[in-house]
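One structure below.
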Amino acid sequence: MARAPQVLKGMRDFLPEQMLLRQHVLNTFRGVFEHYGFEPIETPVIEYLETLTGKYGEDEKLIYSFQDRGDRQVGLRYDLTVPLARFVANHRNDLTFPFKRYHIAPVFRADRPQRGRYREFWQCDADIVGTKSMMADAEVVSVWIDALSAINMPGFVVHINHRKLLMSLAEVAGVPDEQTPTIHRAIDKLAKIGEDGVLKEMQANDIPVDAARRVLDLVSISGEPGEVFAELSKRLSGNTRAEEGISELRSLFAFLEHMGADSDHYTLDLTLARGLDYYTGPVFEALSVDANIGSLGGAGRYDGLVGMFSGEDLPATGCSLGLERIFDVIQEKNLVEAPSTVSNALVTIFNDETIGDSLRLVGELRRSGVPCEIFVGEKLELRRQMQFANRKGIPITIILGPDEIQRGEVVVREMATGEQQTVPRSDLSSVITDTLRSR
RNA sequence: GUGCCUGUAGCUCAAUCGGCAGAGCACUGGUCUGUGGAACCAGGGGUUGCGGGUUCGAGCCCCGCCGGGCACCCCA
């Protein structure tokens with residue numbers, strides 16, 4: 001044992017059973033994204049390191065980077081958003097704007113692994129490039145809600161805030177702009193460590209008590225979104241940045257309401273701070289209170305990012321779901337039913353003399369549209385073949401011995417019940433269809 | 001990146017103070033030559049994650065590495 005090499009820290013293999021569930025979830029997301037008019041793209045896993053750096057702030061140290069055979073400095077993509085910005089800059093003459101794309105693919109972060117945190121994980125992104133309209137942001141939030149609803153994610157809520165409101169907090173507090181990240185870091189923990197904890201944290205980072213209190217007072221405003229916006233406007237009037245943020249959020253919430261988005265699934269959260277440097281407008285985070293696995297996805301508007309590559313400014317907004325966390329929750333809570341195997345039926349072989357008959361039958365069945373397999377092991381005992389079907393969860397076995405072959409019939413056995421019927425070969429594919437339907 | 005916990009058969013775990021590495025499940029074969037799940041019987045399977053050190057003797061103690069987990073940091 002232990003002779004076989006391990007996989008790298010934070011990376012995993014997936015067994016067929018897990019893959020069938022993952023594909024089921026991915027297909028669901030694909031369906032929801034396309035339902036909204038998002039179209040698929042793909043980009044390389046590896047980019048020039050220069051493409052990736054300078055976009056993520058502090059987190060940049062987690063980028064996997066190395067030198068390739070041509071001595072190029074390269075890196076594995078850290079998310080799907082920066083590659084999208086590069087993609088749009090490269091292909092902007094071939095795209096129709098506003099450009100809506102989705103992208104489901106693995107990304108890499110050299111983070112220390114933990115529950116729900118891996119070094120290779122899949123993101124499911126939907127973004128809209130080329131419009132400043134809050135309609136785009138509303139679409140993004142709505143598609144997110146629909147995607148999570150489609151897989152029965154329990155108790156999830158999309159928290160919404162605005163980068164411009166967040167940026168105005170330093171001003172409100174009367175401290176230098178450099179302190180902004182400190183403030184964000186502190187208030188983001190409000191739900192976790194409470195008001196005292198937040199105040200303590202800010203003070204520990206050289207923010208005066210009265211300034212900290214002003215910030216806390218502001219982000220603690222609660223009530224219906226409309227009331228909160230009114231109160232914010234009153235307190236922040238004259239602050240241009242903040243007023244822009246409030247006005248955009250007002251539109252966003254209005255659009256969401258017009259779209260019929262379920263208000264149980266989104267909420268204004270003035271303490272939400274997103275770390276990535278490139279966000280400029282509304283920011284979103286999807287959380288599940290029932291799941292206890294951290295954030296299910298992050299999102300937001302990033303109007304300056306495409307411009308960093310093309311010089312031509314193209315505003316953009318989008319969302320990202322973390323498949324691994326969603327998948328962990330699904331498995332833990334058994335949220336989604338997926339088939340345990342891909343075959344609907346196993347054609348058994350009676351003995352060496354009847355191999356040809358079984359092969360003919362499996363060929364016919366496949367051509368008639370039934371996903372099925374034939375037992376390809378060396379020992380042809382029926383019991384062994386039944387056991388194979390049983391363990392793999394193949395719902396139906398087909399038995400054809402000398403008697404059946406002579407009469408042009410086959411035996412159809414439903415594994416779950418043990419019920420068998422003898423039917424003419426010509427009826428087989430419709431009998432299988434009926435049997436599966438009646439389960 | 002920092003701090004802590006952890007690694008024994010495919011899986012879950014046991015092994016007294018440092019003194020011959022075990023059990024259940026799983027697996028393989030048989031009871032059972034036209035039928036899976038159940039039962040019974042038998043069997044295979046280990047360089048105790050890897051490497052070094054201490055010791056007469058290490059699964060157990062020490063150091064390094066690899067993997068897993070938790071809390072930070074941060075994040076999906």
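Order of the sequence lines sets the chain letters (A, B, ...), proteins ahead of strands, with each chain counted from 1. For the numbers below, each heavy atom of this structure counts, side chains included, while hydrogens, waters and symmetry mates do not. Small disclaimer: the values here were computed from a predicted structure and weren't measured.
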Pick the [atom1] atom in [N] and in [M], then give their distance to the nearest Å.
N: A15(B); M: C20(B); atom1: P; value: 14 Å
N: G19(B); M: G7(B); atom1: C1'; value: 23 Å
N: C60(B); M: C50(B); atom1: P; value: 11 Å
N: A42(B); M: U55(B); atom1: C1'; value: 42 Å
N: G36(B); M: G30(B); atom1: P; value: 13 Å
N: G1(B); M: G45(B); atom1: C1'; value: 42 Å
N: C75(B); M: U12(B); atom1: P; value: 33 Å
N: U8(B); M: U47(B); atom1: P; value: 13 Å

Without decimals, in angstroms, what is the distance between [X] [atom1] and [N] [atom2]?
X: Leu382(A); N: G34(B); atom1: CG; atom2: P; answer: 8 Å
X: Ile349(A); N: U33(B); atom1: CD1; atom2: C1'; answer: 17 Å
X: Gln385(A); N: G37(B); atom1: CD; atom2: C1'; answer: 17 Å
X: Leu380(A); N: U33(B); atom1: CG; atom2: P; answer: 15 Å
X: Asp403(A); N: U35(B); atom1: CG; atom2: C1'; answer: 14 Å
X: Met415(A); N: G37(B); atom1: CE; atom2: P; answer: 9 Å
X: Gln6(A); N: C50(B); atom1: CD; atom2: C1'; answer: 9 Å

Under 3.5 Å, is there a donor-acceptor pair between the [X] and [Y] side chains?
X: Asp79(A); Y: Tyr278(A); value: yes
X: Asp127(A); Y: Tyr302(A); value: yes
X: Arg12(A); Y: Tyr118(A); value: yes
X: Thr53(A); Y: Glu60(A); value: no

If I compare all heavy atoms of [X] with all of [Y], which pair ends up nearest, and what's the gap?
X: Leu272(A); Y: Asp188(A); value: CA-OD1, 3.9 Å
X: Val157(A); Y: Asp264(A); value: CG2-O, 3.8 Å
X: Cys319(A); Y: Ala299(A); value: CA-CB, 3.3 Å

Classify every nucleotide of nucleotides 71-76 of chain B by which part a protein heavy atom approaches to under 4.0 Å, writing B for the base, S for the sugar-phosphate alone and - for neither, in 5'-to-3' order. BBBBBB
Nucleotides 26-32 of chain B: protein proximity per nucleotide (B base, S sugar-phosphate only, - neither; heavy atom, under 4.0 Å): -SSS--B
Could you list all the salt bridge (Lys or Arg N to Asp or Glu O under 4.0 Å) pairs where at least one residue sits in [range], not counting sequence neighbours?
range: residues 377-391 of chain A; result: Glu381(A)-Arg384(A)
range: residues 266-279 of chain A; result: Arg274(A)-Glu285(A)
range: residues 13-25 of chain A; result: Arg22(A)-Glu324(A)

Which of residues 417-429 of chain A have a heavy atom under 4.0 Å from RNA chain B?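 Gly418(A), Gln420(A) - these, ordered by number, are the residues of the stretch whose heavy atoms sit under 4.0 Å from the strand.
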Specify the residues of residues 393-400 of chain A, ordered by number, for which at least one heavy atom lies under 4.0 angstrom from an atom of RNA chain B.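 Only Ile399(A) qualify.
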With Lys189(A) via side chain to side chain donor-acceptor pair (under 3.5 Å) - residues at least two apart: Glu201(A)
Could you tell me which residues satisfy side chain to side chain donor-acceptor pair (under 3.5 Å) with Tyr36(A), sequence neighbours excluded, listed by chain and number?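 Side chain to side chain donor-acceptor pair (under 3.5 Å) list for Tyr36(A), sorted by chain: Ser142(A), Asp146(A).
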Consecutive-pair stems (3 or more, Watson-Crick or G-U, under 3.5 Å) for RNA chain B: B:1-7 with B:66-72, B:10-13 with B:22-25, B:27-31 with B:39-43, B:49-53 with B:61-65
Hey, does [X] reach any base, or is it just sugar-phosphate, or nothing, if we go heavy atoms under 4.0 Å?
X: Glu404(A); answer: base
X: Val7(A); answer: sugar-phosphate
X: Gly57(A); answer: nothing

Would you say the rings of Tyr64(A) and Tyr78(A) are close, in the sense that their centroids are separated by under 6.0 Å?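 Ring centres of Tyr64(A) and Tyr78(A) not closer than 6.0 Å.
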Between Ala416(A) and Arg115(A), just flag the one whose closest nucleotide in RNA chain B comes earlier from the 5' side.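 So the residue in question is Ala416(A).
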Residue pairs fulfilling ring pair (Phe, Tyr, Trp, His ring centres under 6.0 Å) with at least one residue in residues 347-389 of chain A, sequence neighbours excluded: Phe375(A)-Phe388(A)
Does anything in residues 124-158 of chain A form a ring pair (Phe, Tyr, Trp, His ring centres under 6.0 Å)? List the pairs, not counting sequence neighbours.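 Qualifying pairs: Phe156(A)-His265(A).
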[Y]/[X] salt bridge by N-O under 4.0 Å criterion:
X: Lys132(A); Y: Glu248(A); value: no
X: Asp357(A); Y: Arg360(A); value: yes
X: Glu171(A); Y: Arg241(A); value: yes

